[in-house]
Amino acid sequence: ERAAPRATGEPDVPWPLATVAMIMAFVLIAQIAFYLWPVQLPFFLGERFDLSGAAVGLAIGCASGTTAVTGLLYGRARSLFGNFGLVAVVYVLLGLTNILLANATSYPMVLATLVLGGASIGLMFPHGANWMTSIVPDALRGRAVGLASAALFSGHFLSPVFSQPVMQAVGYAEGYQIFGQILVGLG
């Protein structure tokens, strides 16, 4: 821990840098993985199943709908798994989603898979912010949430930077498989 740099009038309080960095890495990696779906899925589904834009939108919407519902269950999940356990759950669910997408043989299987994926994101969103604010003093909570938000949106930005070269090199199915295995390994 070390004192955080202060704005004018802000108290000098300890800042748990290692834990903050770990939480930011969790959120960043989860968002890079999540954004594989809206960025790469339209191309993958178009290639594999020749789906319309509306069908692709419905698939991505399945993940978003589940995200909303699962977010309501976050408190129970956190009580059940704890901070580190929930990180593992999120990564494993993200990984399994990508592996199942890579091996999907039908559109209904894609829809069911993205429901699973939405559950992972529904747990990740509140967990990053809640865990971050629980480890910092009250005077730093606003800054802590800002850091979690920065990690989240950096993941959105970085996802195509990491995924596009892989997808171009090995194809969509193999790319989803690779990212899925990495995420399960992190879990």
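Predicted model, so just to flag it, every value in this text is computed and none were measured.
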hydrophobic_cluster_shared for Tyr74 and Leu94, side chain cutoff 4.5 Å: yes
Heavy-atom closest contact (Leu114 atom, Ala59 atom, distance): CD1-O, 3.3 Å
Show the numbers, then the answer: is there a ring-ring contact (aromatic ring centres under 6.0 Å, His included) between Tyr35 and Phe157? CA-CA 9 Å; Tyr35 238 62; Phe157 172 76; over 10 Å; no
Treating Thr70 as the side-chain partner and Thr67 as the backbone partner, does any N or O pair qualify as donor plus acceptor under 3.5 Å? no
Report whether Phe43 and Ile32 are members of the same hydrophobic cluster (ILVMFWY, side-chain heavy atoms less than 4.5 Å apart, transitive linking). no
To the closest 0.5 Å, what do you measure between CG (Leu58) and OH (Tyr107)? 4.0 Å
Of all heavy-atom pairs between Ser154 and Ala150, which one has the smallest distance, and what is that distance? OG-O, 2.7 Å
For Gly155 against Leu28, the heavy-atom pair lying closest together: N-CD1, 3.4 Å
Using a 3.5 Å distance criterion without hydrogens, assess whether the side chain of Arg78 forms a donor-acceptor pair with backbone atoms of Asn130. no
Would Val115 end up clustered with Leu45 when hydrophobic side chains under 4.5 Å apart are linked, directly or stepwise? no
Scanning both residues in full, the closest heavy-atom pair of Met124 with Leu152 reads CE-CD1, 4.3 Å
Of all heavy-atom pairs between Pro160 and Pro165, which one has the smallest distance, and what is that distance? O-CD, 3.9 Å
Any chance you could measure Phe26, atom CZ, to Asn83, atom CG, to the nearest 0.5 Å? 9.5 Å
Common cluster, Val90/Val69, ILVMFWY with side-chain heavy-atom separation under 4.5 Å: no
Using side-chain heavy atoms (C-beta onward) and a distance below 4.5 Å, is Trp131 in contact with Met22? yes
Residue pair Val110 / Ala104: nearest heavy atoms and the distance that separates them: CG2-CB, 3.7 Å
Could you state the interatomic distance from CD (Gln181) to CG (Leu186), rounded to the nearest 0.5 Å? 12.0 Å
Min side-chain heavy-atom separation Val184-Asn98 under 4.5 Å: no
In Å and rounded to the nearest 0.5 Å, what is the CG to CG distance from Leu93 to Leu123? 7.0 Å
Hey, does the side chain of Ser159 reach the backbone of His156 with a donor-acceptor pair shorter than 3.5 angstrom? no
Spacing of SG belonging to Cys62 relative to CH2 belonging to Trp37, to within rounding of 0.5 Å: 12.0 Å
Show the numbers, then the answer: is there a side-chain contact (heavy atoms from CB on, under 4.5 Å) between Ile29 and Leu183? CA-CA 9 Å; Ile29 292 166; Leu183 290 159; 4.1 Å; yes
Side chain to side chain, Ile23 and Ile135, heavy atoms closer than 4.5 Å: yes
Does one hydrophobic cluster hold both Met132 and Val89, with members joined at side-chain heavy-atom distances below 4.5 Å? yes
Could you measure the distance from the CG atom of Leu51 to the CZ atom of Phe44? Nearest 0.5 Å is fine. 10.5 Å
May I have the list of side-chain donor-acceptor pairs in residues 166-180 shorter than 3.5 Å, sequence neighbours left out?
{"residue": "Tyr176", "atom": "OH", "partner": "Leu36", "partner atom": "O", "Å": "3.0"}
{"residue": "Tyr176", "atom": "OH", "partner": "Leu41", "partner atom": "N", "Å": "3.1"}
{"residue": "Gln177", "atom": "OE1", "partner": "Asn103", "partner atom": "ND2", "Å": "2.9"}

Any non-hydrogen side-chain atom of Ile121 less than 4.5 Å from a side-chain atom of Thr66? no
Please confirm whether the backbone N or O of Val145 pairs with a side-chain atom of Ser149, one donor and one acceptor, at under 3.5 Å? yes
